[in-house]
Each structure stands twice: as structure tokens, then as C-alpha cells.
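Remarks on the structure that follows.
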Amino acid sequence: MTKQTLTIEQKRLDTDLWIIILVTWGFFSIYAIIGNQLMNFVKDSEISVIPRLLVNAVVQFGVAGIGISLVCILRKERFSQFGLKTKNMGKTIIGTALCFAPIIGYILASGQFRGYKPFGTILITKDVLSAGVPVSIIGMAIIIVVWGFFEGFNYVVICDKVNKRYPSTNQWIDYGAITCAIVCILFHQISISFWGIVEMVTTFIAIYGMLIVRKKTGNAWGCIFAFLFIWNAI
């Protein structure tokens, strides 16, 4: 069998993906090893809220943000190249919201809904809001950037890199979106129960769907909207 010769672009994309993979798994491995100690520190109300927030944010940014940022710096790629524009913004937000409808339905049906609280699912948010001005403003800005912008945009960049490296001829089979949806499921607790399976299926629909919407509209703000106002809010 003849060995396939990779083009310069394919080699570049392989390097980009490996940088993202190694950085992401590096931070995730650190969290897996010392996660309990880190979370005990973050939850310790006797410690000032800013150091606790920064520790939490660094871990989160390491898993979803640093990898793509390093690649964009290395390749001199602007974030705007990945769909951060105003054209089709309304269309992509509506389409993304529809993709998240099944997982919202799952949360409601399974009795997990505890009210709509933007960033309320993040451990440190309550303490940040209670800290008073200006700490609360600075803290919420960090939370919005790390858990809102980068968590959503991370999927956009990874999806784009995978699709350029492994293009599909079928408009509905998107290898980048499939990869991101599977990664999202694997990075969260998995339960092989009825509701656990429903959660995995609806999570796949949400992540795959939002990236297909981004592909169709050319606008990435829907993915960021999802993590700002849906994923981290319910």
C-alpha cells in the first residue's frame, strides 16, 4: 500500500490539533489528579474570592481556551476569521437555541431545573456576586470571558481545524462537529441510566447542532450565546 504524502497544510493542521489536544489533556489531567484539592480551595470562603476565582478560571481556561489561543497566536490567525461577525447573527442565535431545545427539555423533564441563573452552574459565581463592587464586576467579567466566550469559541476553532484536515463531502456529516460533540460528552460525567442516555443524546444534538448552524450561517456567535445564556444558566 502506498503511503499517503501529507501536504504542508495538512501537516500544519495536524500540528495545530496536537497542540490543542496536548494542552487540553494536560490541564484536564492536572485537574483529575488534584481536582479535590483545587475545589476545596475554590470553595473555601475564608480565602479572598479573587485568588479562588483565578485558580478556577485558569483550570477552565486551560481545558477550553489556552490551546486554541496558542494555535491562533502561532498561526497569526484572528478570532474574527472563525465567524465573529455581525452578518447572520440573529439567524445563528435562533438556530442554536433550537438545537439546545432538546437538552432544555431533558433538564425540565428530569427534574433538574432549579431556575434560570446565568453562570449559576459555576461554583464561584455566588461568592463573586456577593463580594461587592468592584470585585464583583471584575470577577463576573472574568467568568463571562472564560466560561462564556472561550468555552463556546473553543468548539468553533476545534471544529474548523478538524474539518479542514478531514473534509467531508456530505453537507450533514461534519467530522469537526461530531468530534466536538463526543469530546463534550466525555468531559462530563457519564451515567448509563435512562436519563443518563437521554442527557448524552441531547448533549450531542446541542453541540453538533450549534456547529452545523455555525457552518451554515458562517457566524460563530450562536455558539458563544449558547454557553453564555443556556449551558451555564440552566
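Around NZ of Lys117, the count of heavy atoms belonging to other residues, nucleotides or ligands within 6.0 Å does not exceed 12. Within a 6.0 Å sphere centred on CH2 of Trp195, heavy atoms belonging to other residues, nucleotides or ligands number more than 12. Leu186 CG: more than 12 foreign heavy atoms inside a 6.0 Å radius. No more than 12 heavy atoms of other residues, nucleotides or ligands lie within 6.0 Å of OH in Tyr175, so this atom counts as exposed by the packing criterion.
Although no hydrogens or angles enter the test, the distance criterion places no donor-acceptor pair under 3.5 Å between the side chain of Ser48 and the main chain of Pro51. At distances below 3.5 Å, at least one donor-acceptor pair connects side-chain atoms of Thr125 with backbone N or O atoms of Phe119. Side-chain N or O atoms of Arg52 include one that pairs as donor or acceptor with a backbone N or O of Ile47 at under 3.5 Å. Put simply, the side chain of Glu151 never gets that close to the backbone of Gly148: no donor and acceptor are under 3.5 Å apart. Within the 3.5 Å criterion, the main-chain N or O of Met89 finds no donor-acceptor partner in the side chain of Thr92. Looking only at distances, a side-chain donor or acceptor of Asn219 sits under 3.5 Å from a matching main-chain atom of Lys85. Thr202 places no side-chain N or O within 3.5 Å of a backbone atom of Tyr106 that could act as its donor or acceptor partner.
Nearest heavy-atom pair across Ile68 and Gly65 is CG1-O, 3.3 Å. The minimum heavy-atom distance between Ala131 and Val49, with the atom names listed, is CB-CG1, 3.9 Å. Pairing each heavy atom of Gly67 with each of Val23, the nearest pair is N-CG1, 3.8 Å. Across all their heavy atoms, Phe149 and Leu228 have their closest contact at N-CD2, 4.4 Å. Phe41 and Val55 make their closest contact through CE2-CG2, 3.6 Å (heavy atoms, listed as atom of the first residue, atom of the second, distance). Considering all non-hydrogen atoms of both residues, Cys223 and Arg214 come closest at SG-CB, 4.1 Å.
The hydrophobic cluster containing Leu13 does not contain Phe82, counting ILVMFWY residues as joined when their side-chain heavy atoms lie under 4.5 angstrom apart, directly or transitively. Hydrophobic clustering (ILVMFWY, side-chain heavy atoms < 4.5 Å, transitive): Phe229 and Ile94 are in distinct clusters. If you chain together hydrophobic residues whose side chains sit under 4.5 Å apart, Val198 and Ile192 fall into the same group. The hydrophobic cluster containing Ile137 does not contain Ile144, counting ILVMFWY residues as joined when their side-chain heavy atoms lie under 4.5 angstrom apart, directly or transitively. Both Val201 and Leu211 are assigned to one and the same hydrophobic cluster, defined by single-linkage of ILVMFWY side chains at heavy-atom distances under 4.5 Å.
Using a 4.5 Å cut-off on side-chain heavy atoms (C-beta onward), Leu54 and Ile142 make contact. Val183 has its side chain out of reach of Cys180: every pair of non-hydrogen atoms, C-beta onward, lies at least 4.5 Å apart. No side-chain heavy atom of Thr179 sits under 4.5 Å from any side-chain heavy atom of Lys161. Between Val135 and Ile50, the closest side-chain pair of non-hydrogen atoms falls below 4.5 Å. Between Val213 and Leu98, every side-chain heavy-atom pair lies at or beyond the 4.5 Å cut-off. Two residues are said to be in side-chain contact when any heavy atoms from C-beta on lie closer than 4.5 Å; Leu84 and Ile224 meet this criterion. Inter-residue side-chain proximity for Asp174 and Cys159 is flagged as met; some heavy-atom pair is nearer than 4.5 Å.
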| message | side-chain contact (heavy atoms from CB on, under 4.5 Å) for Val157 and Val71? Distances and angles first, verdict last. | response | CA-CA 10 Å; Val157 177; Val71 166; 5.6 Å; no
| Pair Val59-Phe27, side-chain contact (heavy atoms from CB on, under 4.5 Å): steps then yes or no | CA-CA 7 Å; Val59 174; Phe27 275 91; 5.6 Å; no
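Between Phe79 and Phe150, the ring-plane angle classifies as perpendicular under the 30° and 60° cut-offs.
Taking CD1 from Ile93 and CZ from Phe225, the interatomic distance works out to 5.5 Å, rounded to the nearest 0.5 Å. Distance CG/Asp127 to CG/Asn56: 10.5 Å, rounded to 0.5 Å. Here CE of Met140 is found 10.0 Å from CH2 of Trp147. Values are rounded to the nearest 0.5 Å. Met200 contributes atom CE, which lies 12.0 Å from atom CD1 of Ile182 (distance to the nearest 0.5 angstrom). We find the CG-OG1 distance between Asn88 and Thr217 to be 5.5 Å, quoted to the nearest 0.5 Å. Separation of atoms CD1 (Ile158) and CG (Asn163) is listed at 12.0 Å; rounding is to 0.5 Å.
Partners of Lys164 according to the salt bridge (charged side-chain N to carboxylate O under 4.0 Å, His left out) rule, which considers only residues two or more places apart in sequence or in another chain, are Asp160. Remark: Cys184 pairs with Tyr155, His188, Thr203, Ile207, Trp231 by the side-chain contact (heavy atoms from CB on, under 4.5 Å) rule, at least two apart or across chains.
Look at Arg75 and Glu9 and you find no salt bridge, because none of the NZ, NE, NH1 or NH2 atoms lies under 4.0 Å from a carboxylate O.
Pairs of residues two or more places apart, or lying in two chains, never qualify as side chain to side chain donor-acceptor pair (under 3.5 Å) while including a residue from residues 24-46.
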